[in-house]
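Hydrogens, waters and symmetry mates play no part in the numbers below; they use all other heavy atoms, side chains included. Keep in mind that what you see is a predicted model, and the values were worked out from it rather than measured.
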Amino acid sequence: MNGVLRSMLEGVIDYAGLFPPAKLPLGEAINEYLAIMGGPNRWLVDRFACPVGKLPDLAIELAEHPEEPFIPVSVIGTIQPDHKHWKHGLEHDAAVMTKFVKDAENHAEIQAYEVRLPDHGHATEYVDDLRSFANIDLFAELPWAPEMSTSLATLAEGEVAFAKARAGGLEASAFPSSAQLAEFIQQCAHLDLGFKLTAGLHHPLPARDEKLGVTMHGFLNVLVATALAGPEDLSTKELEEILNERSGEAFSFGRDTLTWRECKVGLEDVEYGRSLLVSFGSCSVQEPVDGLAEIGLMEMAGK
């Protein structure tokens with residue numbers, strides 16, 4: 001087994017089949033998730049991402065699968081339009097989650113709560129408010145804006161939540177530039193701040209979406225950039241070059257070493273990089289699997 005690849009990829013995908021572009025009905029999403037978790041690719045997948053509004057239906061659906069093990073759930077919170085509605089949204093989500101825990105106690109466990117912050121201006125207050133959620137992982141989604149750097153520092157100082165950012169979406173404007181994503185990764189590494197990315201990461205290497213007219217980021221590039229950012233003290237420009245790399249041959253995955261150009265790190269550094277990049281959300285698991293297989297990495301990771 002290739003220790004570096006396995007460490008980088010194990011449990012890296014949070015299954016988000018309920019979200020676009022797949023947007024499967026709940027029953028189909030649950031069946032697909034359970035099939036994945038019972039199949040050969042289960043080692044790639046971790047939590048089932050579910051919007052808070054679908055938790056009541058999820059409890060009912062899971063009751064129909066009494067033979068299945070506990071499902072780890074990451075709850076996607078209600079999107080609040082502004083600061084005024086923020087606290088009410090948290091209270092609403094907390095109440096729904098509490099009921100779900102009771103209704104699905106034999107079938108699922110809420111392990112994480114992800115919520116988008118309405119703005120950067122009240123980041124300190126938002127982080128403090130999240131302290132009311134105990135014993136689960138918290139992810140504060142930050143909008144792409146010039147204030148991103150300040151809010152990341154606020155998150156790190158608060159030691160309450162991981163960061164979360166969008167790597168894509170249904171419109172071209174939802175995709176951050178390589179420079180933006182490189183700066184985000186670099187700062188998280190410097191702050192020792194864990195983070196999650198969501199949307200747009202269906203392919204291991206950058207791929208063109210002709211319909212949207214944008215280049216989608218590669219999740220393998222993101223993983224490599226994160227692993228190298230801290231130990232190699234790479235500049236934003238160097239991280240940007242990693243994110244833009246389109247050839248899988250540019251990366252060398254040894255049994256216990258990762259290499260890009262003159263940069264080389266060991267398994268311990270790779271594992272630390274994965275502790276920073278907690279996971280990425282994807283509505284498809286098959287697309288990442290197929291992409292990895294095309295460049296020979298699925299077989300390598302399994303050996």
Side-chain angles (χ1 to χ4, degrees), residues 5-6 8-51 53-54 57-58 61-62 65 68 71-76 108 111-112 114 139 141 164-172 174-176 181 195-224 226 243 246 248 274 277-302:
L5 265 179
R6 191 78 178 197
M8 290 178 68
L9 296 171
E10 193 158 15
V12 75
I13 300 175
D14 280 343
Y15 175 79
L18 293 173
F19 296 85
K23 206 172 183 180
L24 298 177
L26 181 58
E28 288 184 29
I30 282 293
N31 288 335
E32 183 169 286
Y33 178 78
L34 292 174
I36 293 168
M37 299 310 284
N41 299 323
R42 62 184 179 277
W43 64 276
L44 282 164
V45 183
D46 192 5
R47 295 162 175 162
F48 181 89
C50 182
K54 289 188 179 294
D57 293 332
L58 178 60
E61 187 70 33
L62 292 179
H65 300 274
E68 299 294 342
I71 289 180
V73 178
S74 188
V75 178
I76 313 303
Q111 293 187 352
E114 308 174 26
F139 294 86
E141 182 180 333
K164 178 182 174 183
R166 295 195 163 266
L170 299 179
E171 299 178 354
F175 290 78
L181 189 52
F195 67 94
K196 174 178 182 174
L197 296 174
T198 192
L201 295 174
H202 288 201
H203 307 280
L205 299 169
R208 187 71 177 171
D209 187 323
E210 297 298 342
K211 182 178 179 180
L212 293 179
V214 297
T215 297
M216 298 176 285
H217 296 289
F219 64 80
L220 186 65
N221 302 65
V222 171
L223 286 163
V224 172
T226 306
L243 294 176
R246 291 173 176 264
R274 262 310 308 277
L277 177 50
V278 180
S279 63
F280 68 88
S282 177
C283 67
S284 169
V285 173
Q286 194 60 48
E287 282 186 80
V289 166
D290 290 344
L292 288 167
E294 286 177 11
I295 56 178
L297 295 186
M298 276 299 291
E299 182 179 0
M300 184 185 295

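- In terms of heavy atoms, Lys196 sits closest to Ser74 at NZ-OG, 4.4 Å.
- The shortest non-hydrogen separation linking Leu62 to Ala108 is CD1-CB, 3.5 Å.
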N/O donor-acceptor pairs under 3.5 Å from side chains in residues 16-31, not counting sequence neighbours:
| from | atom 1 | to | atom 2 | distance (Å) |
| --- | --- | --- | --- | --- |
| Asn31 | ND2 | Gly27 | O | 3.2 |

Problem set entry | Full working for side chain to side chain contact (heavy atoms under 4.5 Å, CB included) between Leu58 and Ile71 | CA-CA 11 Å; Leu58 178 60; Ile71 289 180; 5.9 Å; no
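- Side-chain contact between Val12 and Asp46 is absent, with no heavy-atom pair separated by less than 4.5 Å.
- Judged purely by atom type and a 3.5 angstrom limit, Arg274 uses its side chain to pair as donor or acceptor with the backbone of Leu277.
- At least one side-chain heavy atom of Arg166 sits less than 4.5 Å from a side-chain heavy atom of Glu141.
- With contacts defined as side-chain heavy-atom distances shorter than 4.5 Å, the pair Met298/Asn41 qualifies.
- Side chains of Pro204 and Leu297 form no contact here, defined as non-hydrogen atoms less than 4.5 Å apart.
- Judged by distance alone, the side chain of His217 and the main-chain N or O of Pro176 form a donor-acceptor pair under 3.5 Å.
- For the pair Asp14 (side chain) and Arg47 (backbone), a donor-acceptor distance under 3.5 Å is present.
- Using cut-offs of 30° and 60° on the angle between ring planes, the pair Phe219 and Phe280 is parallel.
- Closest heavy-atom contact between Phe175 and Thr215: CD2-O, 4.4 Å.
- Taking every heavy atom of both residues into account, Leu201 and Gly218 meet most closely at CD2-C, 4.2 Å.
- Scanning for side-chain hydrogen bond (donor to acceptor under 3.5 Å, both in side chains) contacts around Gln286 gives Asp290, with sequence neighbours left out.
- No side-chain heavy atom of Leu5 sits under 4.5 Å from any side-chain heavy atom of Leu292.
- You'll find the side chain of Pro288 stays beyond 4.5 Å of the side chain of Leu44, heavy atoms only.
- Taking the side chain as every heavy atom from C-beta outward, Arg246 and Leu205 never approach each other to under 4.5 Å.
- To the nearest 0.5 angstrom, His203 atom NE2 is 12.0 Å from Ile295 atom CD1.
- In this structure, Cys283 and Glu32 approach most closely via the heavy-atom pair O-OE2, 4.4 Å.
- By the side-chain hydrogen bond (donor to acceptor under 3.5 Å, both in side chains) test, Arg42 is found to be paired with no residue, residues two or more places apart in sequence or in another chain being considered.
- In this structure the side chain of Ile76 never reaches within 4.5 angstrom of the side chain of Thr198, judged on heavy atoms.
- Taking all atoms of both residues into account, the shortest heavy-atom contact from Cys50 to Val73 is CB-CG1, 4.2 Å.
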